[in-house]
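Residue numbers start from 1 in every chain, and the chains themselves are labelled A, B, ... in the order their sequence lines are given, proteins ahead of strands. Basis for what follows: all heavy atoms, side chains included, without hydrogens, waters or symmetry-related copies. No experiment lies behind these values; they were computed from the predicted model shown.
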Protein chains: 2
Amino acid sequence: MRVSTRFSDSIHLLAFIKIYAGSHLTSDLIASSIETSPVVVRRLMGKLRHAGLITTTAGTAQPVLAKPLTEISLLSIFYAVEGDKALFSVDTKTNPDCIVGGNIQTVLTQYYQEAQTAAEARLAKTSLQDIVDNILVEQAKKDVIK
Amino acid sequence: MRVSTRFSDSIHLLAFIKIYAGSHLTSDLIASSIETSPVVVRRLMGKLRHAGLITTTAGTAQPVLAKPLTEISLLSIFYAVEGDKALFSVDTKTNPDCIVGGNIQTVLTQYYQEAQTAAEARLAKTSLQDIVDNILVEQAKKDVIK
DNA sequence: ACTCCTGTAACTAGATTAATTACCGTGATT
DNA sequence: AATCACGGTAATTAATCTAGTTACAGGAGT
């Protein structure tokens with residue numbers, strides 16, 4: 001896949017830990033839900049651990065959420081696994097001797113930042129609790145149909 | 001460069017056409033400002049033409065903006081060259097037999113769309129006129145210092 | 001006709017992601 | 001203590017996308 005699915009997979013991972021808390025949460029089991037490899041899961045867990053979102057113990061299959069669900073926003077997950085990734089990227093190699101090439105970077109950086117901030121503000125409003133709630137609601141819809 | 005600079009380069013291109021209107025606007029000249037190849041410029045112009053933002057004539061170095069500057073928003077440029085590109089991408093391959101894997105896509109698609117819409121709303125508020133104005137302001141600052 | 005230029009296709013090189021393989025160290029169990 | 005299951009992490013590979021390059025057909029003006 002071209003565009004990174006780290007963000008999506010991380011949300012998946014965290015929701016999985018919550019919903020299947022108590023199960024034997026090996027990286028293998030989690031990987032089977034995301035349909036990826038256990039190594040990818042462990043790498044994601046490493047980033048989430050560094051960001052203080054989960055705690056893990058080497059050798060023990062028991063990752064635990066480090067905060068209440070309502071205090072884990074989608075934005076904090078995004079920052080944890082995508083770092084300071086820019087949604088829009090400015091071409092940094094333009095001709096400085098041209099009026100346009102010499103100033104476009106400064107101008108675009110500002111507007112791009114505002115657009116990114118708008119998106120991030122929206123991500124900040126949604127918590128892992130909302131995600132888990134919605135997943136269960138969607139599942140309930142399916143169960144009714146059956 | 002991994003992340004596409006098509007969007008940035010397209011804004012650059014359009015601003016260049018406006019600011020240097022009247023000059024001999026060959027793809028070579030424009031490319032020298034963006035510091036890319038003439039072919040890349042022509043490819044971008046092709047997309048902008050299809051989107052109705054400029055008009056060009058094969059064989060003649062004279063691209064022209066098809067609308068007033070105030071009616072060309074950053075969002076319309078983004079759509080022209082990035083199509084319906086998703087800023088955040090949902091992992092489409094998850095285990096449907098798992099409560100999380102089977103419902104996460106539906107849930108995330110919704111929240112991702114809202115975040116993208118927020119960013120796009122911000123892009124829609126800025127026009128090429130704003131960009132050109134800002135470029136000239138930045139240039140004026142430099143001229144004063146000299 | 002000649003020249004300059006656009007419009008495009010085809011190919012190449014570089015970068016990034018995710019998958020894979022491999023190995024070390026931890027922790028629980030016996 | 002020995003063993004086994006599992007996390008942590010590095011290195012390699014394959015797939016995908018972007019931009020750069022080369023090449024060439026066709027339009028426009030002299």
Exercise for the section: Please list, by residue number, the residues of residues 26-54 of chain A whose heavy atoms come closer than 4.0 Å to an atom of DNA chain D; answer none if no residue qualifies. Expected result: A/T26, A/S27, A/V39, A/R42, A/R43, A/R49
Handout entry: DNA chain D contacts among residues 9-24 of chain B, heavy-atom distance under 4.0 Å
Key = none
Exercise for the section: Check side-chain contact (heavy atoms from CB on, under 4.5 Å) between B/S23 and all other residues, then give those that pass, not counting sequence neighbours. Expected result: B/Y20, B/L25
Problem - Difference in axis direction between the ends of the helix from C/dA1-D/dT30 to C/dT30-D/dA1, five pairs, 10° - result: 10°
Exercise for the section: Sequence neighbours left out, what passes salt bridge (charged side-chain N to carboxylate O under 4.0 Å, His left out) with A/E120? Give chain and number order. Expected result: none
Exercise for the section: Return the set of residues passing side-chain contact (heavy atoms from CB on, under 4.5 Å) with A/L136 (not counting sequence neighbours), or none when no residue passes. Expected result: A/I19, A/V132, B/I99
Fill in the blank from the handout: Residues passing the side-chain hydrogen bond (donor to acceptor under 3.5 Å, both in side chains) test with B/T56, sequence neighbours excluded, are B/R49
Exercise for the section: Would you list the pairs meeting ring-ring contact (aromatic ring centres under 6.0 Å, His included) in which at least one residue belongs to residues 96-125 of chain A, sequence neighbours left out? Expected result: A/F88-A/Y112, A/Y112-B/F7
Practice task
Applying side-chain contact (heavy atoms from CB on, under 4.5 Å), name anything that partners A/T109, two or more places apart in sequence or on another chain.
Solution key: A/V90
Problem - Selection residues 49-72 of chain A - residue pairs positive for ring-ring contact (aromatic ring centres under 6.0 Å, His included), sequence neighbours left out - result: none
Exercise for the section: Apply salt bridge (charged side-chain N to carboxylate O under 4.0 Å, His left out) to A/R122 and list each qualifying residue two or more places apart in sequence or on a separate chain. Expected result: B/E114
Practice task
Could you list by number each residue of residues 57-66 of chain A showing a heavy-atom separation from DNA chain D of less than 4.0 Å, or answer none if no residue does?
Solution key: A/T57, A/A58, A/G59, A/T60, A/A61
